Protein chains: 2
Amino acid sequence: MKLLPERTIERLSKYRRVLQRELDNGTDHIYSHELAKLLHITPVQVRRDIMLIGHTGTLRKGYGIENLIKLIGEIIDCSSSEQNVAIIGIGKLGQALLEYLNSSNTRLNLSAVFDNNPDKIGDSFGGTLCHNIDNLKKIIIRENITIGILTVPPEYAKEISARMVDAGILGIMNYTPVSLKLDHAFLEEYDVITSLEKVAYFAKPRHAEFL
Amino acid sequence: MKLLPERTIERLSKYRRVLQRELDNGTDHIYSHELAKLLHITPVQVRRDIMLIGHTGTLRKGYGIENLIKLIGEIIDCSSSEQNVAIIGIGKLGQALLEYLNSSNTRLNLSAVFDNNPDKIGDSFGGTLCHNIDNLKKIIIRENITIGILTVPPEYAKEISARMVDAGILGIMNYTPVSLKLDHAFLEEYDVITSLEKVAYFAKPRHAEFL
DNA sequence: AATGTTATGTGATTTTTATAACAGTTGTTA
DNA sequence: TAACAACTGTTATAAAAATCACATAACATT
Ligand SMILES: NC(=O)c1ccc[n+]([C@@H]2O[C@H](COP(=O)([O-])OP(=O)(O)OC[C@H]3O[C@@H](n4cnc5c(N)ncnc54)[C@H](O)[C@@H]3O)[C@@H](O)[C@H]2O)c1
Ligand SMILES: NC(=O)c1ccc[n+]([C@@H]2O[C@H](COP(=O)([O-])OP(=O)(O)OC[C@H]3O[C@@H](n4cnc5c(N)ncnc54)[C@H](O)[C@@H]3O)[C@@H](O)[C@H]2O)c1
């Protein structure tokens, strides 16, 4: 099976959520231009993405929302086994993310949390037990965790990411400002400072484009 | 003046921080392949970015770190006036970001925080006063704030972003999962769920590429 | 039935971004 | 001093992503 473009996957994730909202509102079909408007992108982009995943709409009625949501689910979520997630480093950011994930209705389920602070180990965070980082591999294997959210202090990022991959993690979402390199696992990084400085660069009177 | 590519700006932000670390360690020059290695990108990419901003390295010695940092600063930071930032919605995420920004050494300075919760208004968050959202425009003008970090509940995102732009904000970093559209202001959006679902898609045994 | 309208689906093209290839320069070594 | 090695700077090329342009289909209207 051919891998879909990264940007298409990103949009599929967004499509699914706005489609779910529409479905909850009682809508059963949607036009490409309607979906496009909800996300402020072009209708062609929507049609192309939907074409790529092999869904086909009805002319004059648009796309069947329920089927489309189901198909996106088959692509993003694991069809066979569930995809279990762990948060490594349950500090300020880790806890904010944990609560956010628990309140969202993504299919990913948070199975474990890790920290090295004795005060946190053994505690429950939003219903999820915090394990000792020393037991990382054991728990990851036992709970069949494939995705890790890395929110430890920067100085530990490299070492712990390697241990995560060694334990069998297949993908890491890295929120530390340290650039990582993984062998044989998918890596996604997000850097807050970079985003803000990018806004700072473009949000200047001299860059008249947006003003 | 020609606008630089978005991706180049993103990398410049990262270059600056690792360069600062190197400078603090006593290094005064760096080769493109060394800088590349620190960020896990290619040396060509580094050289191209540096070429685009008009810095020129010394053959056999590499790039002068101090000059390079200064030049990146002139590009990203506002040279004339300072760039002041506000956080709108000082909840879980807003507070985590605030502490993170305060502890980082970015040039952007956090000037104000806004909320609509009476318990928070008037309080200090990491040394920054929380204002009533009703005074948004007044304070933004008074403090000359040009950049806003939006972390309010999703249902308020659209309305408040419009008010921010109306108040004179030139760029918004939107962390709500609601897709926005601004008139005459730069917009950057980050969606946690999208990132995670992207990792979920690529972190599957069937996508052997990374395994 | 002919015509107009408004969708989808997709090949062609453009734009953006990254990589490859290499010319030119400086110092080193034999 | 000639050959070599190791850098930078930049043009050319490729790859990824977005957009354009339009063929085609379904339905409404006359
Ligand atoms: N707070 C933010 O908004 C924010 C934003 C972007 C990036 N970050 C990055 O995210 C990471 C976490 O930030 P934070 O603000 O939550 O910091 P924090 O100090 O509040 O949390 C870090 C957590 O990691 C734990 N920890 C430390 N060493 C560990 C180890 N070896 N193994 C396991 N757990 C360990 C600590 O006990 C703590 O609970 C940092 O790298 C930070 O740079 C934070
Ligand atoms: N927590 C996370 O990790 C996370 C991650 C990604 C995105 N988000 C998004 O970021 C936003 C904030 O998330 P959170 O977890 O911090 O929520 P939160 O409820 O903890 O914080 C929201 C804050 O906004 C304030 N607020 C509400 N209405 C307001 C208004 N009209 N004007 C000004 N302030 C107002 C509230 O008083 C509160 O302080 C949400 O849109 C959420 O979806 C959160």
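The shown structure was predicted, so the numbers you read here are calculated from the model rather than taken from an experiment. A note on names: the letters A, B, ... follow the listed sequences, proteins ahead of strands, and every chain is numbered from 1.
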(request) Starting at atom CD of A/Q45, determine the distance to atom P of C/dT10, rounded to an integer number of angstrom. (result) 16 Å
(request) Round to the nearest Å and state the distance from B/I41 atom CD1 to C/dT17 atom P. (result) 15 Å
(request) Determine, for B/D191 against A/R17, whether the closest basic-nitrogen to carboxylate-oxygen distance falls under 4.0 angstrom. (result) yes
(message) As a test of reading the structure: which of C/dT26, C/dA12, C/dA21 is closest to the side chain of A/R48, going by heavy atoms?
(response) C/dA12
(message) Among C/dA7, C/dG27, C/dG9, which nucleotide has an atom closest to any side-chain atom of A/Y31?
(response) C/dA7
(request) Name the closest nucleotide to the B/L59 side chain, picking from C/dT26, C/dT19, C/dG9. (result) C/dT26
(request) May I have the distance from A/H33 (atom NE2) to C/dT5 (atom P), rounded to whole angstrom? (result) 17 Å
(request) Would you mind telling me which residue lines up with the more 5' stretch of DNA chain D, A/R11 or A/R47, judged by nearest nucleotide? (result) A/R11
(message) Expressed as a whole number of angstroms, how long is the span from B/M51:CE to C/dA21:P?
(response) 18 Å
(request) Check whether the side chains of A/N84 and A/E143 place a donor and an acceptor atom closer than 3.5 Å, and report yes or no. (result) no
(message) Restricting to non-hydrogen atoms, name the atom on A/G148 and the atom on A/I169 that form the minimum distance, rounded to 0.1 Å.
(response) N-CD1, 3.8 Å
(message) Please check: side-chain N/O of A/T8 versus main-chain N/O of A/L4, any donor-acceptor pairing under 3.5 Å?
(response) no
(request) Specify the separation, in whole Å, of atom NZ of A/K37 and atom P of C/dA7. (result) 12 Å
(request) With DNA chain D as reference, determine whether A/P5 or B/K61 sits nearer its 5' end, using the nearest nucleotide of each. (result) B/K61
(message) Test of understanding: with ring-ring contact (aromatic ring centres under 6.0 Å, His included), list the residues that count as partners of B/Y175, not counting sequence neighbours.
(response) none
(request) Could you tell me whether B/R16 and A/E197 make a salt bridge, using a distance below 4.0 angstrom between a side-chain N and a carboxylate O? (result) yes
(request) Measure from CZ on B/R60 to P on C/dT28 and round the result to the nearest Å. (result) 7 Å
(request) Quick one: label B/T8 by what it contacts on the DNA or RNA (base, sugar-phosphate, nothing), any heavy atom closer than 4.0 Å. (result) nothing
(request) Please find the earliest and latest nucleotides of DNA chain D, in the 5' to 3' direction, that have an atom within less than 4.0 Å of any heavy atom of chain A. (result) D/dA17 to D/dA26
(request) Before accepting this row, confirm whether a basic side-chain N of the pair A/D28/A/K61 lies closer than 4.0 Å to the acidic partner's carboxylate O. (result) no
(request) Under 4.0 Å between any heavy atoms, over every strand shown, what does A/R7 touch: base, sugar-phosphate, or nothing? Just pick one. (result) sugar-phosphate
